[in-house]
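Report on one structure; see the data block that follows.
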Number of protein chains: 2
Amino acid sequence: MDKKQRSPKKQFIIETAARLFRDKGYRATSMRDLADAVDLKASSLYSHIKSKEELLRDICFENAHRFVNSMEAIEQEYNEPLDQLKALVALHITIALQDPTSITSFNDEWQHLSEPFLSEFLSLRKDYEKRFQQIIDAGKAKGVIKNLPTNMIFYTLLSSLRWIYDWYKPERNQDTTDIVEHLQEIILGGIVK
Amino acid sequence: MDKKQRSPKKQFIIETAARLFRDKGYRATSMRDLADAVDLKASSLYSHIKSKEELLRDICFENAHRFVNSMEAIEQEYNEPLDQLKALVALHITIALQDPTSITSFNDEWQHLSEPFLSEFLSLRKDYEKRFQQIIDAGKAKGVIKNLPTNMIFYTLLSSLRWIYDWYKPERNQDTTDIVEHLQEIILGGIVK
DNA sequence: CCTACCGATCGGTAGG
DNA sequence: CCTACCGATCGGTAGG
């Protein structure tokens with residue numbers, strides 16, 4: 001599961017799979033498609049990986065752990081709910097800009113995980129969402145966030161952050177800090193008091 | 001294509017397909033799954049529909065036309081860009097609350113359309129997005145909307161509207177006008193001056 | 001609306 | 001890493 005323990009070839013296969021899963025969807029991506037994309041025969045993939053689903057698992061859990069770990073770091077680094085919220089927004093934006101492919105197939109294709117991995121994934125996600133909403137609640141209690149339904153604020157916020165890859169065109173060479181600032185103004189502007 | 005011209009049975013099949021496509025994805029939904037859900041044998045589906053893709057086409061284009069037609073009505077009814085924007089936000093929310101199933105598989109599964117339908121669909125969508133962005137530009141020119149990149153405002157706005165089905169639980173019996181008002185405050189709050 | 005069935009494609013294995 | 005091949009499942013048709 002650790003990125004560093006993987007062979008370069010396996011890492012290349014996983015990254016290519018993430019791109020195909022994003023572009024065509026997990027189910028519509030055949031192992032023959034993937035084999036072509038990495039210049040192998042389909043059967044040769046299996047000397048590097050165990051199964052098609054293993055690829056999806058690697059992508060989904062790597063990202064899930066990335067978010068959960070960052071959540072812990074942010075909770076420890078900041079005390080004010082508004083600072084934590086800003087850091088979380090910045091985190092989502094940064095990851096979306098750095099690794100748009102992996103994050104997209106993580107967002108959209110986790111539903112094809114089989115048990116028990118599906119439950120494990122959903123439990124990681126639920127934990128993350130719960131802590132995110134607790135920060136919003138803390139902000140509301142402190143009077144720095146508008147008194148609107150927490151789930152409404154949370155999902156609106158998270159949704160805005162999900163589709164950055166859809167409009168962000170890295171070739172325009174925008175400054176990343178500019179993007180983070182603008183998006184924070186748009187996204188947090190309707191939430192903070 | 002017209003809802004009223006379809007037999008009740010065909011309408012039922014389409015609505016069931018929309019639900020399955022949303023829950024499992026288009027590719028992961030087999031015609032045997034659909035047949036089971038409507039209590040038929042797989043082969044019997046074909047006396048009501050021409051193909052699996054026809055179902056997806058009906059769902060995608062029905063929703064696409066619904067948005068394009070509403071856009072025209074809003075452009076004619078309102079003159080001020082801010083009023084148009086508010087009406088568009090209300091439109092997306094209303095549709096999401098009324099018909100969450102159909103709208104979700106429209107949002108997520110259009111990529112599985114084959115040519116020439118894929119191009120036709122994308123051209124409808126592009127037209128809609130262009131007119132949406134022109135309204136934002138008009139608002140910026142009038143000074144009622146913040147001077148931030150139009151595509152950033154547009155996609156953030158649209159993204160927030162896409163996932164309402166994900167948190168909206170109709171059994172809680174919230175008042176719809178309340179939801180529209182709260183969401184407009186959250187979503188437009190970061191955009192209007 | 002059903003039974004019976006088709007060719008194509010799927011994920012994956014055997015054996016070298 | 002390849003050739004050869006597997007059983008399962010797919011969307012869809014024939015014929016009644």
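In this text the structure is predicted, and so the values were computed from the model without any measurement. All chains are named by letter (A, B, ...) in the order of the sequence lines, taking the proteins before the strands, and each is independently numbered beginning at 1.
- Spacing between atom NE2 of A:His112 and atom C1' of C:dC10 amounts to 15 Å, rounded to whole angstrom units.
- The separation between B:Met31 atom CE and C:dC10 atom P is 19 Å, rounded to whole Å.
- Under 4.0 angstrom from either OP1 or OP2 of D:dC2 there lies at least one side-chain N or O belonging to A:Ser44.
- With rounding to whole Å, B:Arg32 atom CZ is found 10 Å from C:dC5 atom C1'.
- A salt bridge links A:Arg131 to A:Asp127: at least one charged side-chain nitrogen sits closer than 4.0 Å to a carboxylate oxygen.
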DNA chain D in dot-bracket form (Watson-Crick or G-U pairs under 3.5 Å, [ ] crossing, | inter-strand) is ||||||||||||||||
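- The existence of a salt bridge linking A:Glu129 and A:Arg125 is confirmed by a sub-4.0 Å separation between a basic side-chain nitrogen and an acidic carboxylate oxygen.
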CA sep, side-chain torsions, deciding dist, call: B:Ser160, A:Ser159, side-chain hydrogen bond (donor to acceptor under 3.5 Å, both in side chains)
CA-CA 5 Å; B:Ser160 323; A:Ser159 307; over 6 Å; no
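- For the pair B:Glu62 and B:Arg6, the salt-bridge criterion is met [side-chain N within less than 4.0 Å of a carboxylate O].
- Judged by distance alone, the side chain of B:Glu54 and the main-chain N or O of B:Ile49 form no donor-acceptor pair under 3.5 Å.
- Between the P atom of C:dG11 and the CG atom of A:Leu45 lies a distance of 10 Å, rounded to the nearest Å.
- Rounded to whole Å, atom P of D:dG12 lies 4 Å from atom OH of B:Tyr46.
- A straight line from CG of B:Asp33 to P of D:dG11 spans 8 Å, rounded to a whole angstrom.
- The pair A:Asp108-A:Arg22 does not count as a salt bridge, with every side-chain nitrogen at least 4.0 angstrom from each carboxylate oxygen.
- Rounded to an integer number of Å, the gap from CG of B:Leu34 to P of D:dG11 is 10 Å.
- Residue-to-nucleotide proximity on DNA chain D shows that, of A:Leu40 and A:Arg27, the 5′-proximal contact is made by A:Leu40.
- The side chain of B:Lys52 approaches D:dG12 more closely than any other nucleotide in the set D:dC1, C:dG11, D:dG12.
- When each of C:dC2, D:dT3, C:dG12 is scored by its nearest atom to the side-chain atoms of A:Ser43, the top-ranked nucleotide is D:dT3.
- Taking atom NE2 of residue B:His48 and atom C1' of nucleotide C:dC2, one finds them 13 Å apart after rounding to whole Å.
- Residue A:Lys41 has no polar side-chain atom (N or O) positioned under 4.0 Å from OP1 or OP2 of D:dC2.
- The residues B:Glu80 and B:Lys142 are annotated as salt-bridged, a charged nitrogen and a carboxylate oxygen being separated by less than 4.0 angstrom.
- For C:dG11, the OP1/OP2 oxygens have no side-chain nitrogen or oxygen of A:Lys50 closer than 4.0 Å.
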